[in-house]
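Scroll down for the structure; my scribbles are underneath it.
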Number of protein chains: 2
Amino acid sequence: MADRRDLNSRPTLVDVARSAGVSPMTASRVLRGEQTVQATAREAVHAAVARLGYIPNQIAGSLRSSRSGIISVIVPTLTGSVFAETIRGISDTLNEFDYQLMIGESSYDIEREEKVIAALIQRRPDGIIIAGVKHTVRARSLLQSAGIPIAEIWDQTTHPIDSVVGFSNYSAAYDITKALFEKGYRSFALATGPVVPGNRAGERTKGYEAALRDHGLSPGPSIVVPYYHFLDRSLEGGNVVADFLAQNPSVDCLFCTNELIAIGAVVVSGRRGKRVPQDVAIAGFGDVEATSIITPALTTVRIRGYEMGQRAAGILARRLSGETAEPEIIDVGYEIVWRDSA
Amino acid sequence: MADRRDLNSRPTLVDVARSAGVSPMTASRVLRGEQTVQATAREAVHAAVARLGYIPNQIAGSLRSSRSGIISVIVPTLTGSVFAETIRGISDTLNEFDYQLMIGESSYDIEREEKVIAALIQRRPDGIIIAGVKHTVRARSLLQSAGIPIAEIWDQTTHPIDSVVGFSNYSAAYDITKALFEKGYRSFALATGPVVPGNRAGERTKGYEAALRDHGLSPGPSIVVPYYHFLDRSLEGGNVVADFLAQNPSVDCLFCTNELIAIGAVVVSGRRGKRVPQDVAIAGFGDVEATSIITPALTTVRIRGYEMGQRAAGILARRLSGETAEPEIIDVGYEIVWRDSA
DNA sequence: CGATTTTTTGGTATCGTTACCTTTTAGGCG
DNA sequence: CGCCTAAAAGGTAACGATACCAAAAAATCG
């Protein structure tokens, strides 16, 4: 006996309508929850749906209505909880509005980001949330001409594509560096992820350097940690930074532009017998959950990752429902959190 | 002046074809990389695409070809790195095959999981990867009748829906408990996430209890930590477990069915002056990155999360390319990792 | 109770691609 | 050089839903 599933494929809305004794349009209205259908017809349709095991084909619906119900999110990485928090914020908010999330990873590389954007736009998302404000020229133009609301997050910029929900990475780095100076540290060093002018690590580095300059210090030694070493099981990033500190024994305060680097540095330094903050103070940037479990606990800049996701998703949802029409620029700020490492 | 974007909307493949002086079918072939098009035509199409800024509408393509290029993934949570590793494995593998990821969160709730499955299936994914083997009846039937390859991961089962890539949570818990017994511990306690018969926490609990029984011990006291406290910034889960340990001072070995609970327990216990493992040994389950940064480092069961994602994605990709037709059952195993906490 | 308005329902065309089949063109060969 | 086969290009219809408009049914009213 032949396989049923191959012969008669999935039922369509037309099958449901026929089985319910109504027109396809009426069935469609019932399934979309329109309130203009008589109770009897409505029940007949629901019964037919159950009887046939009908599952709407949203691809067809999307094509006709040009609404896909998809929001695309592009983040540098899914590793670690830095952006996971943001994605949770987006996801929690979007669930209320029946949008689905489609996630792309740019791997901290704007060329790759461009490819990801191109791939995602072909799926005609109703909106895009993208981490960062630094993109390739073509990526910008792809986003701009997509004709959908865009929210750039995790940064501020004077030239937004559309809406922005972020904070000033420059100011945050400036402020914590200044605060560390005021606390008495004088010999600074920097550990950062790869710097490209305009990216987050770059902005933070500039803020750090400006704060030192404004207080009469020159930027101390610095080290770049590749992103895939930010925090791996082997603590390779931490080792690299600890080596760097060993080579620069006069440094009394290490600022890390990235929380995962700071965590690695604290843990490895501690294991090598360096006392934090007595021998060297360490400050981070980001305040992820893992920060709370290490000893000493990390002095850092708290970033509102979940909130940025939530608000960006809210902006898109409101734009898409027609509730608002204007782009929004939101600064969620940041907060310096003093703990034990500096 | 009216907004251009509203008047002349996006160019379509027909526009590209006209502009290139070929038929839509030829243009379509070029864009899909079919090798049966003459070089001159191919170049003309590419030129037209660039000229018009054409972006393919994959929704239309999907409808016609009934291939969406989407793989749906359903995980209990995006929080923490437990499933993030798996998602990375999936994402890395899928990128090679031009599939996009669509992620749903079930929040450790099979009723919610059912809703998520229903929502995702309407988008007609080409395959589904789902964490866990315990589903509602309707969820199972939805998955089964979807007519697409399914991979259940993170578990083993005697009644797979289709393919399975996992390990035996029961055996893993049994083995580590037995090993702890052999190390000399005699007074056990359990900290677990919510247990539902058949879920991962339940299987691990059963393995733990069976091992104790087989060695002549009765299961000691136990405590359930709600999943949203697994590891939050406030270490609430850790506090709850530390309180529990304080009330049960005779316990010499705590087994946690969840790595995040174990991390919280180790950190909070340490801060409260309890010596681990001298006063109480603690063992975890999962071996996430955060495990490597706490003191004492955690004795645990290493789970191959990344590998499970990779292999599940590989299975689907091979099924979809027609390379294989049969479901695969893969046991990726596990490994007991002795560190300092037990 | 008939005319008019309002509410429900239905018919038709269409979204933008690609499957499938046919026609045209190029290539191979005695 | 013509015939036959293979390769390339094109025409048409269809995927399954919904937008839009028209028709039918029900409700309202003088």
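To find a chain, count down the sequence lines: A is the first, B the second, and so on, and within it residues start at 1. Because the structure is predicted, anything quoted here is derived from the model rather than measured.
Here ring-ring contact (aromatic ring centres under 6.0 Å, His included) pairs that include residues 35-90 of chain A, with residues two or more places apart or in two chains, are A/Phe83-A/Trp154. The side-chain hydrogen bond (donor to acceptor under 3.5 Å, both in side chains) pairs that include a residue from residues 99-110 of chain B are A/Ser91-B/Glu105, where partners are two or more places apart or lie in different chains.
Running 5' to 3' along DNA chain C, contacts with non-hydrogen atoms of chain A at under 4.0 Å begin and end at C/dT8 to C/dG16.
The side-chain contact (heavy atoms from CB on, under 4.5 Å) test with A/Ile329 singles out one residue from A/Val164, A/Ile315, A/Asp162, and that residue is A/Val164.
By the side chain to side chain contact (heavy atoms under 4.5 Å, CB included) test, B/Ala325 pairs with no residue at all, sequence neighbours left out. Every residue two or more places apart in sequence or in another chain was checked for a salt bridge (Lys or Arg N to Asp or Glu O under 4.0 Å) with B/Arg51, and none qualifies. Listed by chain and residue number, B/Glu307 satisfy the salt bridge (Lys or Arg N to Asp or Glu O under 4.0 Å) test with B/Arg311 (two or more places apart in sequence, or in another chain). When the side chain to side chain contact (heavy atoms under 4.5 Å, CB included) test is applied to A/Ala317, the partners found at least two apart in sequence or on another chain are A/Phe97. Among residues two or more places apart in sequence or in another chain, the salt bridge (Lys or Arg N to Asp or Glu O under 4.0 Å) test is passed with A/Arg32 by A/Glu34. With sequence neighbours excluded, the residues that form a side chain to side chain contact (heavy atoms under 4.5 Å, CB included) with A/Ala41 are A/Val22, A/Thr26, A/Val37.
Rounded to an integer number of Å, the gap from CD of B/Gln122 to P of D/dA17 is 10 Å. Whole-Å rounding puts the A/Asp15 CG to D/dG16 P distance at 9 Å. Distance A/Glu34 CD to D/dT18 P: 9 Å, rounded to the nearest Å.
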Throw together a table of side-chain donor-acceptor distances under 3.5 angstrom for residues 120-128 of chain A, partners on residues two or more places apart or in other chains.
residue, atom, partner, partner atom, Å
A/Gln122, OE1, B/Gln58, NE2, 3.4
A/Arg123, NH2, B/Gln58, OE1, 3.0
A/Arg123, NH2, B/Ser68, O, 3.1
A/Arg123, NH2, B/Gly69, O, 2.8
A/Arg124, NH1, A/Ile121, O, 3.2
A/Arg124, NH1, B/Pro56, O, 3.1
A/Arg124, NH2, B/Ile55, O, 2.8
A/Asp126, OD1, A/Ser68, N, 3.0
A/Asp126, OD1, A/Ser68, OG, 3.4
A/Asp126, OD2, A/Ser68, N, 3.3
A/Asp126, OD2, A/Gly69, N, 2.7

Does the protein touch nucleotides 6-14 of chain D at the base, only the backbone, or not at all? Give it as B, S and - per nucleotide, heavy atoms under 4.0 Å. --SBBB--B

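Listed pair A/Tyr54 / D/dG16 fails the phosphate criterion, with no side-chain N or O lying under 4.0 Å from OP1 or OP2. Put simply, B/Arg123 has no side-chain N or O that comes within less than 4.0 Å of OP1 or OP2 on D/dG16.
Across all strands shown, A/Arg67 has heavy atoms under 4.0 Å from sugar-phosphate atoms exclusively, and none from any base.
A rotation axis mapping the C1' atoms of four pairs onto the next four is fitted at both ends of the helix from C/dC1-D/dG30 to C/dG30-D/dC1 over five pairs, and the angle between these axes is 30° to 10 degrees.
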Kindly indicate, with the supporting measurements, whether the criterion salt bridge (Lys or Arg N to Asp or Glu O under 4.0 Å) is fulfilled by B/Arg319 and B/Glu326. CA-CA 8 Å; B/Arg319 288 287 285 285; B/Glu326 294 306 306; over 6 Å; no

